A.B. asks: 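Dumping the structure here so I can ask a few things about it.
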Amino acid sequence: MSISHTDAPRTVRLAGFCGIASGVLLLATPALPAPDSVTHTLWLLGWVVLLGFFAGTATMTRDTGPRTAWLSPAISAAGAVLVSVHLINVGIEYTANHLSKASPAHEPLHQVGGALFTLGMLPFGIAIVASTAVGLVARTLPRWLTWIGLVVGLTAVVNGTMLGTESAWGFLLGTLWVLAGGITLAAQGTKTAAAPQLATAPA
């Protein structure tokens with residue numbers, strides 16, 4: 001099912017706002033001088049809202065023709081796996097942090113949490129690469145954003161296979177790309193929605 005011309009600007013704009021909210025929450029929350037209960041909630045919200053960004057991107061993909069429409073479920077599936085992995089990771093890290101350091105489960109749980117965080121960059125990269133592939137072919141995104149996104153997505157995919165590493169370039173660059181993409185889509189949706197009104201306005 002494709003979105004109508006009336007709903008398209010709204011979908012693009014909503015996806016953009018989700019990208020902005022997710023990027024801000026995921027980048028700013030770790031630096032907040034707030035209680036753990038607050039930062040955990042904001043961190044979780046950042047991941048959940050990210051699902052809205054990729055869902056909106058996938059919806060836009062359905063209208064781009066048979067050459068790229070098949071990527072729509074890939075974007076949705078990768079986004080869902082990404083968010084699921086990080087929600088599980090939050091639960092594991094929360095449990096580890098509330099165990100005594102002397103507990104035999106404390107360190108293994110942290111190691112599992114670190115591994116999940118790294119693995120989460122793999123679907124993150126796949127979702128970004130699929131989104132940029134559509135952008136390159138169907139021009140749903142600016143060229144500069146798609147080329148940067150392709151590099152960022154491939155970086156995240158490679159980073160996601162490096163279990164045991166402390167490098168998180170895939171997460172950092174991917175989140176920055178989502179923030180930039182969110183700003184772009186929000187502006188694009190706003191301009192598209194305003195265009196018909198300007199065209200019909202009395203001289």
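From a predicted model like this one, the values you see are computed outputs, not experimental measurements.
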A.B. asks: Is Leu136 reachable from Val129 through a run of I, L, V, M, F, W or Y residues, each pair having side-chain heavy atoms under 4.5 Å apart?
C.D. replies: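 Yes.
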A.B. asks: Determine whether Trp43 and Leu25 make a side-chain contact, defined as any pair of heavy atoms from C-beta on separated by less than 4.5 Å.
C.D. replies: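 Result no, sub-4.5 Å side-chain heavy-atom pair not found.
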A.B. asks: Given side chains that start at C-beta, do those of Met60 and Val134 come closer than 4.5 Å, heavy atoms only?
C.D. replies: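 Side-chain contact under 4.5 Å: no.
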A.B. asks: Please evaluate residues Leu185 and Leu141 with respect to the criterion side-chain contact (heavy atoms from CB on, under 4.5 Å), reporting the C-alpha separation (whole Å), side-chain torsions for both, the decisive distance (0.1 Å), and the verdict.
C.D. replies: CA-CA 8 Å; Leu185 290 180; Leu141 296 171; 3.6 Å; yes
A.B. asks: Report yes or no: does Thr39 contribute a side-chain atom to a donor-acceptor pair with the main-chain N or O of Asp36 at less than 3.5 Å?
C.D. replies: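 Answer holds: yes.
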A.B. asks: Would a 4.5 Å heavy-atom cut-off, applied to side chains only, mark Val178 and Phe124 as touching?
C.D. replies: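 Of all side-chain heavy-atom pairs linking Phe124 with Val178, at least one is under 4.5 Å.
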A.B. asks: Please report, to 0.1 Å, the donor-acceptor pairs under 3.5 Å made by any side chain of residues 109-117, with sequence neighbours excluded.
C.D. replies:
unit_1: His110; atom_1: ND1; unit_2: Glu93; atom_2: OE1; d: 2.8
unit_1: His110; atom_1: NE2; unit_2: Asn97; atom_2: OD1; d: 3.3

A.B. asks: When rounded to the nearest 0.5 angstrom, what distance separates CG in Leu87 from CD1 in Ile92?
C.D. replies: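 Rounded to the nearest 0.5 Å, the CG-CD1 separation comes out at 11.5 Å.
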A.B. asks: Using a 3.5 Å distance criterion without hydrogens, assess whether the side chain of Thr118 forms a donor-acceptor pair with backbone atoms of Gly160.
C.D. replies: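 No, the answer is negative, given that no donor and acceptor are paired below the 3.5 Å cut-off.
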A.B. asks: Please determine whether residues Leu26 and Leu45 belong to a single hydrophobic cluster, defined as Ile, Leu, Val, Met, Phe, Trp and Tyr linked transitively by side-chain heavy-atom distances below 4.5 Å.
C.D. replies: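 Shared cluster, no.
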A.B. asks: Is Trp177 reachable from Val157 through a run of hydrophobic residues whose side-chain heavy atoms are each under 4.5 Å from the next?
C.D. replies: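 Val157 and Trp177: separate clusters.
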A.B. asks: Got a list of side-chain donor-acceptor pairs under 3.5 Å for residues 48-58, not counting sequence neighbours?
C.D. replies:
unit_1: Thr57; atom_1: OG1; unit_2: Phe53; atom_2: O; d: 2.9

A.B. asks: If hydrophobic clusters are built from ILVMFWY residues whose side chains come within less than 4.5 Å, do Ile128 and Leu122 share one?
C.D. replies: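 Per the 4.5 Å side-chain linkage, Ile128 and Leu122 are not co-clustered.
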A.B. asks: Are Leu173 and Phe171 co-members of a hydrophobic cluster defined by side-chain heavy atoms under 4.5 Å apart?
C.D. replies: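 In one cluster: yes.
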A.B. asks: Tell me, which pairs form a side-chain hydrogen bond (donor to acceptor under 3.5 Å, both in side chains) where one or both residues lie in residues 141-170, sequence neighbours left out?
C.D. replies: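 For residues 141-170: none.
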A.B. asks: Answer whether the closest heavy-atom distance between the side chains of Leu172 and Leu27 falls below 4.5 Å.
C.D. replies: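 Heavy-atom side-chain distance check passes, below 4.5 Å.
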